[in-house]
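Protein chains get the first letters and strands the later ones, always in sequence-line order, with residue 1 at the start of each. The shown structure was predicted, so the numbers you read here are calculated from the model rather than taken from an experiment.
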4 protein chains.
Amino acid sequence: MGESGNSRWQRKKEARPSEILDAALMLFVDKGYRATKMEDIAQAAGVTKGTPYLYFQNKEEIFKAVVRETIVARMQAMSAQLAQLHDASGSQLLGMALENWWIHIGATRSAGLCKLMAAEATNFPELALFYYEEVIRPARQLLGHIVQRGMDSGEFRPANIEHVIDMLTAPMLMTMILSHSFGQVPGCCESLTQDPLAFLKTALQLTLQGLQNPPAPDTQS
Amino acid sequence: MGESGNSRWQRKKEARPSEILDAALMLFVDKGYRATKMEDIAQAAGVTKGTPYLYFQNKEEIFKAVVRETIVARMQAMSAQLAQLHDASGSQLLGMALENWWIHIGATRSAGLCKLMAAEATNFPELALFYYEEVIRPARQLLGHIVQRGMDSGEFRPANIEHVIDMLTAPMLMTMILSHSFGQVPGCCESLTQDPLAFLKTALQLTLQGLQNPPAPDTQS
Amino acid sequence: MGESGNSRWQRKKEARPSEILDAALMLFVDKGYRATKMEDIAQAAGVTKGTPYLYFQNKEEIFKAVVRETIVARMQAMSAQLAQLHDASGSQLLGMALENWWIHIGATRSAGLCKLMAAEATNFPELALFYYEEVIRPARQLLGHIVQRGMDSGEFRPANIEHVIDMLTAPMLMTMILSHSFGQVPGCCESLTQDPLAFLKTALQLTLQGLQNPPAPDTQS
Amino acid sequence: MGESGNSRWQRKKEARPSEILDAALMLFVDKGYRATKMEDIAQAAGVTKGTPYLYFQNKEEIFKAVVRETIVARMQAMSAQLAQLHDASGSQLLGMALENWWIHIGATRSAGLCKLMAAEATNFPELALFYYEEVIRPARQLLGHIVQRGMDSGEFRPANIEHVIDMLTAPMLMTMILSHSFGQVPGCCESLTQDPLAFLKTALQLTLQGLQNPPAPDTQS
DNA sequence: GATGAATGAGCTTTCATTCAT
DNA sequence: GATGAATGAAAGCTCATTCAT
């Protein structure tokens, strides 16, 4: 009262909610929604059992907040980078987009959210819908625009846009999911998580090659 | 007495375990391991609470059995098809391998196991290892052999084999996971699960094109 | 049908109930009433789960039957021996009585019933009452008569009869209980169950000496 | 607000464990380990189902704690009294030891633990061993020392020490067991539990007489 | 008679949530 | 705000008992 005593504690008070969400993110990603105990979250956040309830209504709301907060934060970081889409080629833009995603999401704990959302989508349909609207769709739209422009400009040959987006997304999704599942299990790692960024780059190049070069004249079925 | 009188005895003892595993597979895939109640499994299998325990030691053993039985059965079906690998081209072999996988696993409920295993891998490390050894590794090895042969014969240009395998696998993994997560949520489906087989074929072709055609001579790596 | 086929099986059919009771006795004594499963009893009796219910209404009835049958059988064996109570001295009679009890009950599985009844008396009051009436009281009465006669004849000095009976009974009770409890636990046995009969004889002699010899003139309080 | 408002908070956290153990002791002694429900224990302790698990890992740990706490507490009370063993005669010392035991254990609820341990020894061998080491053996050792000294000094005539200890123990054991089994059953009480202390004194005297006076010269062993 | 698959009440244990302090 | 003792619904698992065969 008055002296505002310990400044470290003062700072902490404002930080509580996000500390709790951080702890929750980590645990949810690691153990799944059901297997994560509220007390574990509290403990990991350095508070006691009752405290999370001062900031969140219940476990489900924490889960939703984790998704929302993480998404919002990460997506904002992405947005900043995406303003650079000046007049680079389609290939370059795709490379930058994927690298951005990797840096801001794929290589961070947020990537675990992907696995988490996939695992819990059917248990939390509205949350899944939110995630779809806020993450999946915007991301796909961004990629779609780039690809479309490339096709319009003749850089890429015509193809089903959605499929191309899927092609571009799949390696990232795979990497994010595997690195937070089998990648964590000793003995499964051999061929899985070594140098994911290298794989992502290779994958992009392989896709771009298929997209750029004209198909052999007699190839289309 | 025609088709037997009492419904309690209509089905045979031998059918019970697989009925229970069927029910469990569906529920596990749908709701996750923790969120699936034993009584739900029993009910879905048309029996009461105690009956699953006559055939399985506990919930975890049911989970393991689901993975094992589904995997083993599907993998055997795959094996039969894989004996056909005579003297087709690498592209054709890869096409057949992926189509087989799609038909026998990707398009069935078994695909949900993939999501399940990814979600629960860190909770059941030992089971994850088993899954890795019995499913992931063999599948990757098979693809690896085909790709290697294609490179040796000059059909494919040289590249990091593991990355190519990842490239070939990623679309399938993505399809299987999304169709059992967001794909089930009304409103998320727009661009996700429509005609997955078409996507898989496109993806394969795109990858093959990147693999077959020589890179443009002036493309910087 | 007709040939009466296998004579060993024929014999067994009549023996079923007592085989079940034998098995039940052993298990009850060993593990207690609650911890003994009906299926264990069946298995130990060489039959299947449902069979005990053909001969006994339920678990509690089996328990009661075990007590009743064992008691009746053993008590009859005792009775035969007790007809010998001709005109031996009190000391001799007591020695014979206790030795008989030891041979027919104390050294047999029936001794475990004692521990069992003590453990379950409050859970099965009417059974306890039955046991008291059929076992404890008659046994005490028999001892009481002998002691009384000894006092009347001057062989024993006057004392509280009930206490003398307790004195005579306690070593037997202790032996029977300990040999079916701590005596079974490796590491507890050191001083407990070695040569119980020798102890019983010593105990009797010690008691008799206290009873026979005139107390030091100034001893009675 | 006088004696505090809400009954849920009237008692202190520190009191809970011993309240629970008290309740458990009573119920275990009364009904046996298996027949005692956790919820009964909770209820008897004035709390709800979940509360005992805040203080004890599980039912078995409660059982062990009951034994440990009761034993340790009582044994410590005994130890204090045993420091008095100055230079009284063997008879006097034995009388004091038994009376102490009676006052601190035999006449309390702790006596029921004896029955309990005998009933459950084979189900909890490790606990039985603990009980043997902490209770049975020390008690026997104490008695053994006294008897040995008496023999050395000529107060007692030579005899098998273990048997003498058994002789001294048996009446106490019998009293403790019977009073917590048949003694609780209406109708069985006639000759059993009336004035146990009187019996214990008589028994001791009888034993001492057998031990002190020289055997009649012509008594054949 | 005998079997053994199935039942379902009952028990132990967990954990999200509350609330007096 | 923060605590953490207490709650009690919920879930896993057991086992006495039944009954079609």
Side-chain angles (χ1 to χ4, degrees), chain A residues 9 12-14 16 34-42 46-60 62, chain B residues 1 4-16 34-42 45-60 62, chain C residues 9 12-13 16 34-42 46-62, chain D residues 1 4-16 34-42 45-60 62:
Chain A
W9 278 98
K12 273 217 168 172
K13 275 191 183 175
E14 269 92 76
R16 279 286 142 75
R34 294 294 296 255
T36 297
K37 290 182 250 179
M38 284 297 281
E39 194 166 4
D40 291 345
I41 294 174
V47 295
T48 52
K49 229 160 106 181
T51 305
Y53 289 92
L54 297 176
Y55 301 99
F56 304 94
Q57 232 173 50
N58 55 33
K59 191 180 176 182
E60 187 168 343
I62 291 183
Chain B
M1 282 121 192
S4 131
N6 190 317
S7 73
R8 198 161 143 200
W9 298 91
Q10 270 170 14
R11 279 155 304 180
K12 306 296 187 39
K13 182 204 170 188
E14 306 93 54
R16 277 286 133 76
R34 291 294 297 260
T36 297
K37 289 180 266 178
M38 282 299 281
E39 197 164 2
D40 292 344
I41 295 174
V47 295
T48 50
K49 231 172 31 179
T51 304
Y53 291 95
L54 298 177
Y55 301 97
F56 303 95
Q57 234 173 45
N58 54 36
K59 190 179 174 180
E60 186 169 342
I62 290 183
Chain C
W9 279 99
K12 272 217 167 173
K13 277 192 182 173
R16 279 285 142 76
R34 293 295 295 256
T36 297
K37 291 182 249 177
M38 284 297 281
E39 194 165 3
D40 291 346
I41 295 174
V47 296
T48 52
K49 231 161 107 181
T51 305
Y53 289 93
L54 297 176
Y55 301 99
F56 304 95
Q57 232 172 52
N58 54 33
K59 190 179 175 182
E60 187 168 342
E61 288 306 316
I62 290 182
Chain D
M1 282 119 193
S4 127
N6 189 318
S7 73
R8 199 158 139 201
W9 299 89
Q10 271 171 11
R11 278 154 303 178
K12 307 295 183 45
K13 183 203 169 188
E14 307 92 54
R16 278 286 133 77
R34 292 294 296 262
T36 297
K37 288 180 267 180
M38 283 300 280
E39 198 164 2
D40 292 344
I41 295 174
V47 294
T48 51
K49 233 172 28 178
T51 304
Y53 290 95
L54 298 178
Y55 301 97
F56 302 95
Q57 235 173 44
N58 53 36
K59 190 178 174 180
E60 187 169 341
I62 291 183

Interatomic distance where OH belongs to C/Y53 and P belongs to F/dA16 [whole Å]: 6 Å

Pairwise distance CD1(B/I62) to OG1(B/T36) - rounded to 0.5 angstrom: 10.5 Å

N/O (side chain, B/R34) to phosphate O (OP1/OP2, F/dA10) under 4.0 Å: no

For atom CD1 of A/I62 and atom C1' of E/dA16, their distance in whole Å: 10 Å

Heavy-atom neighbours of B/Q57 CD exceed 12 at 6.0 Å: no

Whichever of A/Q57 and B/L54 has its nearest DNA chain E nucleotide further upstream toward 5': B/L54

B/E39 atom CD, over 12 foreign heavy atoms within 6.0 Å: no

Under 4.0 angstrom between C/T51 side-chain N/O and E/dA2 OP1 or OP2: no

Between E/dT14 (C1') and A/K59 (NZ): distance, integer Å: 11 Å

From CG (C/D40) to NZ (C/K37), nearest 0.5 Å: 5.0 Å

N or O in side chain of A/Y55 less than 4.0 angstrom from F/dA2 OP1/OP2: yes

Contiguous pairing runs of three or more, Watson-Crick or G-U under 3.5 Å, that involve DNA chain E: E:2-21 with F:2-21

For atom NZ of D/K49 and atom P of E/dA16, their distance in whole Å: 16 Å

Whole angstrom value for the distance that separates P of E/dT12 from CE of D/M38: 7 Å

Per B/K37 side chain, nearest of listed nucleotides F/dA11, E/dA2, F/dA9: F/dA11

Gap between atom CZ of B/F56 and atom OG1 of B/T51 - 0.5 Å precision: 12.0 Å

Interatomic spacing from CD in C/E61 to OH in C/Y53 - rounded to 0.5 Å: 11.5 Å

Whole-Å distance separating the CD atom of C/E60 from the P atom of F/dA16: 13 Å

Nucleotide nearest B/T48 when distance is taken to its side chain, options E/dG8, F/dG4, E/dT13: E/dG8

Step-by-step side-chain contact (heavy atoms from CB on, under 4.5 Å) determination, C/M38 to C/N58: CA-CA 9 Å; C/M38 284 297 281; C/N58 54 33; over 6 Å; no

First encountered from the 5' end of DNA chain E, between A/A35 and D/T36: D/T36

Rounded interatomic separation in angstrom, taking CD from B/E39 and C1' from E/dA9: 12 Å

Whole-Å gap separating C1' (E/dT18) and CG (A/N58): 13 Å

